[in-house]
Amino acid sequence: MKTWILAARKILVIALMVSACPLTTQTVFGSQWAPPDPRIEASREELAPWLSAFDSKLKSKKQIAEINSIWLKDCPNLERAYCRVITKETGELESASLLQTTNSASLDELILKTVQETFPFDVPPNNWVCRQGFAVVFELKERELTMSSSVQGQLIMDRIGEPFPIIKLPRERK
């Protein structure tokens, strides 16, 4: 009986040691995370030119200079603002919303209005932006406004987290 208890205790100690050290855990049991799905990466790559074209159209809007001046005047300490955009499969706007207010009603309104006026846009190559949405990040760098769109993942409390995408993936042929 004592031998069984000692063996169980040794197994428990080894399990605790392995789980306490991520390097050991990874070495012993392999990666803790599932490898990225190549279909998801392909969907992201397929969407990249579409997002780049969207950014170009957004940057060409005349309101960008006005957003920059209001931002400098009303919110000089604000580094960035995130706008979540969801499109329809036709390339029309489904919804646009700021994740958090900039504390300037006129700036919030102008950011949303500018994003809304960028639509309708080209039909997206996959429906990631229709279900998951994408982020338009407005960022003030050296007193100049920059914008970039991204599909890094879900938008949660001001941050773009890792994806749990709901996208149409091509069916594998049997």
Novice: Please say whether more than 12 non-hydrogen atoms of neighbouring residues, nucleotides or ligands are located less than 6.0 Å from NZ in K113.
Specialist: no
Novice: Are any non-hydrogen side-chain atoms of S150 and L51 less than 4.5 angstrom apart?
Specialist: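 The answer is no, as the side chains (C-beta and beyond) never meet within the 4.5 Å cut-off.
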Novice: Can you name the closest pair of heavy atoms from K59 and M147 and give their distance?
Specialist: CE-O, 3.2 Å
Novice: So do W71 and T102 actually touch side chain to side chain, heavy atoms under 4.5 Å?
Specialist: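 No, every pair of side-chain atoms sits at 4.5 Å or beyond.
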Novice: Compare all side-chain heavy atoms of V129 with those of V85 and state whether any distance is below 4.5 angstrom.
Specialist: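 No, side chains not in contact.
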Novice: May I ask you to decide if the ring planes of F119 and F121 are parallel, tilted or perpendicular, using 30° and 60° as cut-offs?
Specialist: perpendicular
Novice: Which pair of heavy atoms, one from G133 and one from I86, lies closest together, and at what distance?
Specialist: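 Minimum heavy-atom separation between G133 and I86: CA-CG1, 3.8 Å.
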Novice: Can you give me the closest heavy-atom contact between A96 and Q116, atom names plus distance?
Specialist: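 The answer is CB-CG, 4.5 Å.
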Novice: Using modelled atom types only, decide if a donor and an acceptor are shared between the side chain of N68 and the backbone of L145 within a distance under 3.5 Å.
Specialist: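 Flag set: sc N68 to bb L145 pair under 3.5 Å.
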Novice: Contact between L140 and L78 at the side-chain level, heavy atoms closer than 4.5 Å - yes or no?
Specialist: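 Of all side-chain heavy-atom pairs linking L78 with L140, none is under 4.5 Å.
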Novice: Is a side-chain N or O of K61 found less than 3.5 angstrom from the main chain of E117, in a donor-acceptor match?
Specialist: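 Yes: the side chain of K61 pairs with the backbone of E117.
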Novice: Counting C-beta onward and ignoring hydrogens, is there a side-chain heavy-atom pair between V136 and F54 closer than 4.5 Å?
Specialist: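 A side-chain contact under 4.5 Å exists here.
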Novice: Taking all atoms of both residues into account, what is the closest heavy-atom pair of T90 and V123, and its distance?
Specialist: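 Distance-wise, the nearest heavy atoms are O-CG2, 3.5 Å.
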Novice: Supply the atom-to-atom distance E144 CD to I64 CD1, rounded to the nearest 0.5 angstrom.
Specialist: 11.5 Å
Novice: Measure the CG-OG distance between L58 and S149 for me, rounded to the nearest 0.5 Å.
Specialist: 7.0 Å
Novice: Kindly compute the distance separating CD (Q100) from SG (C83), expressed to the nearest 0.5 Å.
Specialist: 13.5 Å
Novice: What's the separation between atom CZ in F138 and atom CG in L107, rounded to the nearest 0.5 Å?
Specialist: 9.0 Å
Novice: So which heavy atom on L72 is nearest to which on P76, and how close?
Specialist: O-CB, 3.6 Å
Novice: Measure the CD1-NZ distance between I67 and K62 for me, rounded to the nearest 0.5 Å.
Specialist: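 One gets 12.5 Å once the value is rounded to the nearest 0.5 Å.
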Novice: Nearest 0.5 Å please: distance from the CD1 atom of I111 over to the OG atom of S106.
Specialist: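 Atom-to-atom, I111:CD1 and S106:OG are 9.5 Å apart.
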Novice: Write down the atom of L110, the atom of I70, and the distance for their closest heavy-atom approach.
Specialist: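 Closest approach of L110 to I70: CD2-CD1, 3.8 Å.
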